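Before any comments, here is the structure.
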Amino acid sequence: MNNLGKFNKPYNSQEVEEKIYKLWEESGFFNPDNLPKTNKGSFTIVLPPPNVTGSLHMGHALNVAIQDILIRYKRMQGYKTLWIPGTDHAGIATQNVVEKQLKKEGLSRHQLGREKFLEKVWEWKEKYGGIILGQFKKIGVSCDWSRAVFTMDENYSKAVQEAFKHYYDKGWIYQGERIVNWCSRCGTSLSDLELEYVEKKGKLYYIKYLISKQKTVNSKQEYITVATTRPETMLGDSAVAVNPKDERYKDLIGQIVLLPIQNREISIIADDLVEKEFGTGAVKVTPAHDFNDAQMGEKHNLPVYKIIDEKGKMTELAGSIYKGLKISECRGKVIEKLKEFNLLEKEEDYIHSVAKCYRCGGTVEPLPSLQWFVKMNELAKLAIEAVESGKIKFYPERWKKVYLDWLSKVKDWCISRQIWWGHKIPIEGVDDVMDTWFSSALWPFATLGWPDKNSKDLKEFYPTQVLSTARDIINLWVSRMVFSGLEFTGKIPFSDVIIHATILTKEGKRMSKSLGTGIDPMTLIEKYGADATRFGLIWQAMGGQDIHWAEEHVAAGKKFANKLWNISRFVLSRTGISNFQFIISNEILNLNLSNEDREILEKLEQTKKSVSKDIDEYNFGQALHTLYDFIWHDFADKYIEYSKNSSSTETLNTLYFILYTVLKLLHPFMPFITEEIWKNLPNNENKMLIIEKW
RNA sequence: GGACGAUUAGCUCAGCGGCAGAGCAUUGCAUUCACAUUGCAAGGGUCAGAGGUUCGAAUCCUCUAUCGUCCACCA
């Protein structure tokens, strides 16, 4: 049978890809329940759920390409493969997007009220929340869409409530007035991991605190000078601290100073946290508005004066003349006042970094607030043990250190957020919602039916095998999935963690949408095709090393696709017209082969072994280089040229067998073109490459 | 401040004790041939620098320089 009629000379990805994806979806093979029965076990990956507000970037593209390679490879090996997709409700991010949209209509969420506002968010989610998953499909991901999960689905919400209750009943959840990072624009607390630090020019102010005479005996000094970048917070000071080893202040420890403006008597304390080198070596202590100071305050039992409120305005405690002022206004007034009293010794230019909200970019203030916390000591132990024992392995291994370092000094987890979009904290009289990461932490098992312990999927597909993600959420997400998995299911949620390369610009800078340095994978797919885009990504992703993005490798991928296409045209023009039944197994080695035939078949076997080993070890770039080299330089340049002068049935059979095998080996990397060619193999109309035996 | 990584051809990167490699780019030749999105060939490198280990170092060790990422923190 002659299939050449279906082949154009150049390969056209646009004509092929959509059609092939549809074919896969119709086959049902993305769903493990429809796969042919084998005696192999299950193989599961959970897709890191992109935010519903997200749009595809290069990191996503690389990450899904990696996961798809693994899933397709394992599926061809006969495993019952499941790749669960889904999206994350992304509390603060999504609420901000919808609020911005409302603002254009001149509305605020407060005008709408909680219920109406949430309706708007759901509308927005239904309309835009699935865009990114559609983009994943263009890349060719073979996720089981029938099992797609959203983190606020009914069952998922049940899981979140159950998890909260579990911790609560164990006494691991408590409410406390603690100093937290507060974003006054978003009106919510933020975790350390939700902060970004920005360098900012400011001033370092040197303020004199007079030693109060009546309590001082034998003091030679009349005042102590402290240095601060935030003079307004002096209104909430409850001590001055020096390093106990600092000779300069030895005699002053325990003495009393008079806090300017407030005329409050506070004492000079000694604490190791104070660095002798900073400023004058004496610092003011404001337990309400600084994390270090809060720690010192607790240790020395200092009173807490909350002088800044949740809206970023000064409180009553700041003093009646400052009450209601913005922080910056108050700073000016305080400086004025200090000058008036002649207590401002000097000011110096100073560059320091300030915390910003990573969602909205607003300035973050540390302030005391009533929040819910999860105790971390027991949970951290679980997560540490899982990795130290080797039950969970990181690839590349060096990321293990990042994970363990963070867990070894982790603080209790503040899980409440003062926003509306999210899972409500299930306690009467509390309007807070939970940290988005509280629900994401349950992802590997909540997607499989937990808390229903009889869930068929949970039994069959949990624990999962591989998690592939970006390095910046190792602590935010990976560690929390590990202890959640162990705590709620008694099992590690996955055994291997792949930390994929970070894609930087050619200059080695971070790709950023706002700076316009980002590259949209979708334009690459339109220009070169999905297979070529996957090729370019994987080609460059060697050993988890950061990638300085070079588009020419995607162009090379397109050329390679075309090469494969023309190899196939040639081989099928020689073999496709024959009714000869080719041997498509290693039985071929029993034929009366020429040296050239035998040589290329041996090289094929080596290639197959080497590619399998590289995929098993997550060296995807290496595997692709090996395949590329074999297909182009051994098969096409040498063997095909040889075959033009040899028309033996053995050579025809070898040509066919190599094409046949190479399509299988390349399929995980370049699924569309290989499936399309596969369809055109003789007597092969109804078989699909996606489930062929590796 | 701490940790980690990088430095190899014009560019993007492999190689990680035994003759310096790939893709792209460059140059020459070929061309009714599956493919010009091609083939054959060529040019191009003090492997960041210094010292050490070794019969032998791009590769292992120490230091230095430059660049980058992450974490902490800057009162």
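Predicted, not measured: the structure shown is a model, and the values here were computed from it. Letters go in sequence order (proteins before strands), and every chain restarts at 1.
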Set out, line by line, the N/O atom pairs under 3.5 Å between protein and nucleotides 13-16 of chain B.
residue : atom : partner : partner atom : Å
B/rC13  : OP1  : A/H548  : N            : 2.6
B/rC13  : OP1  : A/H548  : ND1          : 3.4

N/O contacts under 3.5 Å, protein versus nucleotides 40-45 of chain B?
none

Contact list (N/O, under 3.5 angstrom) for nucleotides 25-29 of chain B vs protein:
none

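When rounded to the nearest whole Å, the span between CG of A/N562 and P of B/rA34 equals 15 Å. We find that CD1 of A/I474 is positioned 11 Å from C1' of B/rC4, with the value rounded to whole Å. The OH atom of A/Y206 sits 12 Å away from the C1' atom of B/rA75 (whole-angstrom rounding).
For the side-chain contact (heavy atoms from CB on, under 4.5 Å) with A/R471, the qualifying choice from A/I499, A/V478, A/V402 is A/I499, the only one to do so.
Applying the side chain to side chain donor-acceptor pair (under 3.5 Å) criterion to A/K306, with sequence neighbours excluded, gives A/E310. Scored by the ring pair (Phe, Tyr, Trp, His ring centres under 6.0 Å) test, A/F560 finds A/F535, A/Y628 as partners (sequence neighbours excluded). Residues that satisfy the side chain to side chain donor-acceptor pair (under 3.5 Å) test with A/E347, not counting sequence neighbours, are absent from this structure. Not a single side chain to side chain donor-acceptor pair (under 3.5 Å) links A/T661 to another residue, sequence neighbours left out. For the ring pair (Phe, Tyr, Trp, His ring centres under 6.0 Å) test, no residue two or more places apart in sequence or in another chain qualifies with A/Y322. Residues satisfying the side chain to side chain donor-acceptor pair (under 3.5 Å) criterion with A/R230, sequence neighbours excluded, are A/E232, A/E365. Here A/Y528 pairs with nothing under the ring pair (Phe, Tyr, Trp, His ring centres under 6.0 Å) rule; sequence neighbours left out.
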Which dot-bracket string fits RNA chain B when only Watson-Crick or G-U wobble pairs with both atom distances under 3.5 Å count, crossing pairs get [ ], and | stands for a partner on a different strand? (((((((..((((....[..)))).(((((.......))))).....(((((..]....))))))))))))....
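Spacing of C1' atoms, B/rG56 relative to B/rG17, comes out at 8 Å, to the nearest Å. Look at the C1' atom in both B/rC60 and B/rC16: the space between them is 9 Å, to the nearest Å. Atom P of B/rA72 sits at a distance of 45 Å from the matching atom of B/rC19, rounded to the whole Å. Taking atom P on both B/rC24 and B/rA34, the two are 22 Å apart, rounded to the nearest angstrom. Nucleotides B/rU59 and B/rU54 are separated by 16 Å at their P atoms, to the nearest Å. Nucleotides B/rC40 and B/rG23, compared at atom P, are 11 Å apart to the nearest Å. Here, B/rA3 and B/rU8 have their C1' atoms 26 Å apart, quoted to the whole Å. Here, B/rU7 and B/rG49 have their P atoms 12 Å apart, quoted to the whole Å.
Residue A/K284 is in sugar-phosphate contact alone, with no base atom involved, counting any heavy-atom pair closer than 4.0 Å across all strands shown. A/K401 comes within 4.0 angstrom of sugar-phosphate atoms only, judged by non-hydrogen atoms across all strands, and of no base. A/V226 comes within 4.0 angstrom of nothing in the nucleic acid, heavy atoms only. Nucleic acid contact class of A/Y628 (heavy atoms, under 4.0 Å, all strands): sugar-phosphate only. Residue A/A636 is in base contact, counting any heavy-atom pair closer than 4.0 Å across all strands shown.
Between the side chain of A/K563 and the base of B/rC35, at least one donor-acceptor pair of N or O atoms lies under 3.5 Å. At a cut-off of 3.5 angstrom, counting only N and O atoms as typed in the model, there is no donor on one side facing an acceptor on the other between the side-chain of A/K409 and the base of B/rA72.
For A/T229, a side-chain nitrogen or oxygen approaches OP1 or OP2 of B/rA75 to under 4.0 Å. For A/R510 and B/rC70, the shortest distance from a side-chain N or O to OP1 or OP2 is below 4.0 Å.
Residues A/F394 and A/W399 keep their aromatic ring centres 6.0 Å or farther apart.
Taking the six-membered ring where the residue is Trp, A/F635 and A/Y639 present parallel rings, their angle staying beneath 30° rather than reaching 60°.
The stretch residues 619-641 of chain A participates, sequence neighbours left out, in these salt bridge (Lys or Arg N to Asp or Glu O under 4.0 Å) pairs: A/K603-A/D634, A/D634-A/K638, A/E641-A/K644.
For A/Y209 and A/D237, the side-chain atoms include at least one donor-acceptor pair closer than 3.5 Å. Side-chain polar atoms of A/T286 and A/K284 form a donor-acceptor pair below 3.5 angstrom.
Two residues, A/G508 and A/N292, neighbour RNA chain B, and the one matched to the more 5' nucleotide by heavy-atom proximity is A/G508.
Pairing each heavy atom of A/P366 with each of A/H289, the nearest pair is O-ND1, 3.0 Å.
The environment of NZ in A/K664 is crowded: more than 12 heavy-atom neighbours from other residues, nucleotides or ligands sit within 6.0 Å.
Listed candidates were B/rA75, B/rG39, B/rC35. Nearest to the side chain of A/N566 is B/rC35.
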